Protein chains: 2
Amino acid sequence: MAEAAGADVSKLRELNSLSIVRALRGQPPATVTELAARTGLSRPGTDVVIRQLVTDGWVQVVEPDGSSVGRPARRYRFNAGAGHVLGVDVGGHKILVLLADLEGRVLHSHRRPVEPDDDPATRLAAVDAAITECLSAAGMRPDQIWAVTVGVTGPVDATGRTTLFTPLPGWASVSPADHLSARFSCPILVENDCKLAAVAERWKGAAQDADDIVYLLAGMRTGAGLILDGTLRRGYGGAAGEIGALKAVRWLSAPSHIENCPGLPAGIHPNDKAAWVFERAREGDRDARAALRRYVKDLAVGAAALVLTLDPQVVVLGGGYSRSADLLIDPLKRELHRLCLRVPEIRASILGADSVALGALRVALDQVDAELFSDGMPAPLTKA
Amino acid sequence: MAEAAGADVSKLRELNSLSIVRALRGQPPATVTELAARTGLSRPGTDVVIRQLVTDGWVQVVEPDGSSVGRPARRYRFNAGAGHVLGVDVGGHKILVLLADLEGRVLHSHRRPVEPDDDPATRLAAVDAAITECLSAAGMRPDQIWAVTVGVTGPVDATGRTTLFTPLPGWASVSPADHLSARFSCPILVENDCKLAAVAERWKGAAQDADDIVYLLAGMRTGAGLILDGTLRRGYGGAAGEIGALKAVRWLSAPSHIENCPGLPAGIHPNDKAAWVFERAREGDRDARAALRRYVKDLAVGAAALVLTLDPQVVVLGGGYSRSADLLIDPLKRELHRLCLRVPEIRASILGADSVALGALRVALDQVDAELFSDGMPAPLTKA
DNA sequence: CGAATAATGATGTGGCTCATCGAAAATTTG
DNA sequence: CAAATTTTCGATGAGCCACATCATTATTCG
């Protein structure tokens, strides 16, 4: 059974410190009186707590700007710069590193191209280089990073590896967490890219209002990420959402309808094929429209399975093809109406190619939060 | 954002009261010293808290039995009789009512047969009668019930109705919660039967160790209930797990392989058909074995979709057919190996026909817990 | 009777609230 | 233009509540 820990008197201070930090975060700088009202604590009580938080480095004083009657109050704000997190997207074509503060503001980003058939060592070297670049651009040392999350393709198991499946050659035996733990002493999390994209859409994307979300990756790969009751669901073995593995769900072959659309110009770059097909379809080209129709039909079978299984509030359509979501959403909706009991809203992603790295940031921030709110509040001076 | 409520000093007492109650529940009667050790509180502190709990009626004193050196300690136990909950299974063929105390011990049960084609008024009357019977057998008044959960067939929407689908004639417009609220002033929850059975299997059944569970109802109806991260998942519209609605998943027709197995004796009662088929299959009858094979194949398609979507730790096979689970589990496992990335454990239900009502009890108890642990601890005297 | 353990009481401390008073800046007023 | 007034912030002290620690008394068994 859960350990029933009794509470000392000092626990109260901890609790109230946390609730003041919570009331401060993500808000504009607040006065003591405002915080007291927001938390329900007394003014003097709030005062001593916030004084301690300032000396501990969690909170900063903002000198009064003076634009009111009466004596101007000191304002306080959460010291988002007390710590930082990294979100890393290890893709087939690019490495993207985002550096953010504790409020989740992105301070620096670095993108670096890689090749899909690069060997693991090359890819890891690119990751290292991108991280180094991002840190030095922000003038930051590795020990100022409080959490790192790495997004990779394929289901991630408990050890942070993608042993079940990955399209990157040789990557199955790689442990990004082990690799990075040489540089960082903070928690290093590894997560599937679709799952991270789903998290990002709930954080800053198209589904901020929803707690039950299915994210569909619609692009040269097809995949899904699930958020239920506001929390990312990984599954017991980390393979939740891998409905595409079902043969009856033709997610593996679905993109080929578009990538091999009849009429594609010879010698067109693979990355431009989809754009070309969507362009033609928009113009009314029969072949392109047929390709789209077949693609959506295949996509919808898996989507319907997810929707029926989970009954989400929103389906977010992301991935490369979602740039032309206007062409996809209506037919997808029609297919789902044909297949499902209750059809959720379908929305297009608004985050684009950064979504995986953004989701990685959010997961890293959640990790920091979890440590904070479980272990109480230590002084950040020990880390700075 | 979440309201950041500051804590008064009296919050401490509340917190410690709760942690002592938690340490007391489900355990044999404990002495003050034991509780102090278990909660980390001091002995005198524990003493005053438990004294208050006794006068409030939450805890009872057990007089010392005297079997130790030194002065024998008073022992205390959680007063499970302070409140009670009802779990009601409204099935096609039966109404089952369970009455339990706050520890979840079943004190009384009452079963009452109904017909599948009874009209809603008749069925509700049977529910009322069964509840009355159960209460009076236990010598209990409705105001001593703290929560009621009703299990029904079909997805339950936010208003507690089964508007999307139900096999019971006329039941779609019935609101069991509204009906019962005339007799009970406590919370009345309505939930889908498969979901409740899943809860029961985690509580007292085959999956007590698992946090990610797919429950498969395998019987004359086919359905599923999902538990992820230890919590029942309902879906945004309450329709989670309804994968059977997908036409490609032939769950609706799957039981007919068995119910219409060639060679069934003319005039056999519908309820006995399955038993007959399983019996023949066990004896090696070709037709029966073929029927079973086809049934499992159909069942497995939906099961595979669920498993791939959720990646659970355990699949629990319940429902009427699970009495012959030994004939089903191996072929099902083979099918899943063919269809899935990672195959979870497959276990047979051990609860049988009571599982829905048991799950209803657990959900009602969870409701009581949620109220307790959020609103703090009022004296039960106001309720008794 | 002594050993062992339980219950009880006394004292001290940390943290919170409430009430009050002083301080600083803007507005009003002579 | 300067003094008075208003308004709000900041600081301090009294009181309360819940807990911890330590000492004392009570009860049983060997």
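Quick caveat, the model's predicted, so the values are computed rather than measured. All values below were derived from every heavy atom in this structure, side-chain atoms included, with hydrogens, water molecules and symmetry-related copies excluded. Every chain is numbered from 1 and lettered A, B, ... according to where its sequence line falls, protein lines coming before strand lines.
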**Message:** Any base atoms under 4.0 Å from R74(A), or only sugar-phosphate, or nothing? Heavy atoms, all strands.
**Reply:** sugar-phosphate
**Asked** 5'-most contact on DNA chain D: V49(B) or T33(A), nearest heavy atom basis?
**Response** T33(A)
**Item:** Lys/Arg N to Asp/Glu carboxylate O, R13(B) vs D8(B), below 4.0 Å
**Value:** no
How many Å lie between [atom1] on [X] and [atom2] on [N], as a whole number?
X	N	atom1	atom2	value
D8(A)	dC17(D)	CG	C1'	14 Å
L35(B)	dA6(C)	CG	C1'	14 Å
E14(B)	dC17(D)	CD	C1'	14 Å
Y76(B)	dA6(C)	OH	C1'	10 Å
R51(B)	dC19(D)	CZ	C1'	16 Å
L12(B)	dA20(D)	CG	P	9 Å
E34(B)	dA6(C)	CD	C1'	12 Å
R13(B)	dG15(C)	CZ	P	18 Å

**Asked** According to the interplanar angle, ranging from 0 to 90°, do the rings of W146(A) and W58(A) count as parallel (below 30°), tilted (30 to 60°) or perpendicular (above 60°)?
**Response** perpendicular
Any idea which of [options] is nearest the [X] side chain?
X	options	value
P44(A)	dA6(C), dC18(C), dG15(C)	dC18(C)
R43(B)	dC19(D), dA7(C), dC16(C)	dA7(C)
N16(B)	dA11(D), dC18(C), dC19(D)	dC19(D)
L41(A)	dA25(C), dA11(D), dT17(C)	dT17(C)
A73(B)	dG15(C), dA20(D), dA7(C)	dA7(C)

**Prompt:** Going by distance alone, is a donor N or O of one side chain under 3.5 Å from an acceptor N or O of the other, for R43(A) and T33(A)?
**Reply:** yes
**Request:** Give a yes or no on this: more than 12 heavy atoms of other residues, nucleotides or ligands lie within 6.0 Å of atom NZ of K11(B).
**Result:** no
**Prompt:** Is the closest side-chain heavy-atom distance between E34(B) and R75(B) below 4.5 Å?
**Reply:** yes
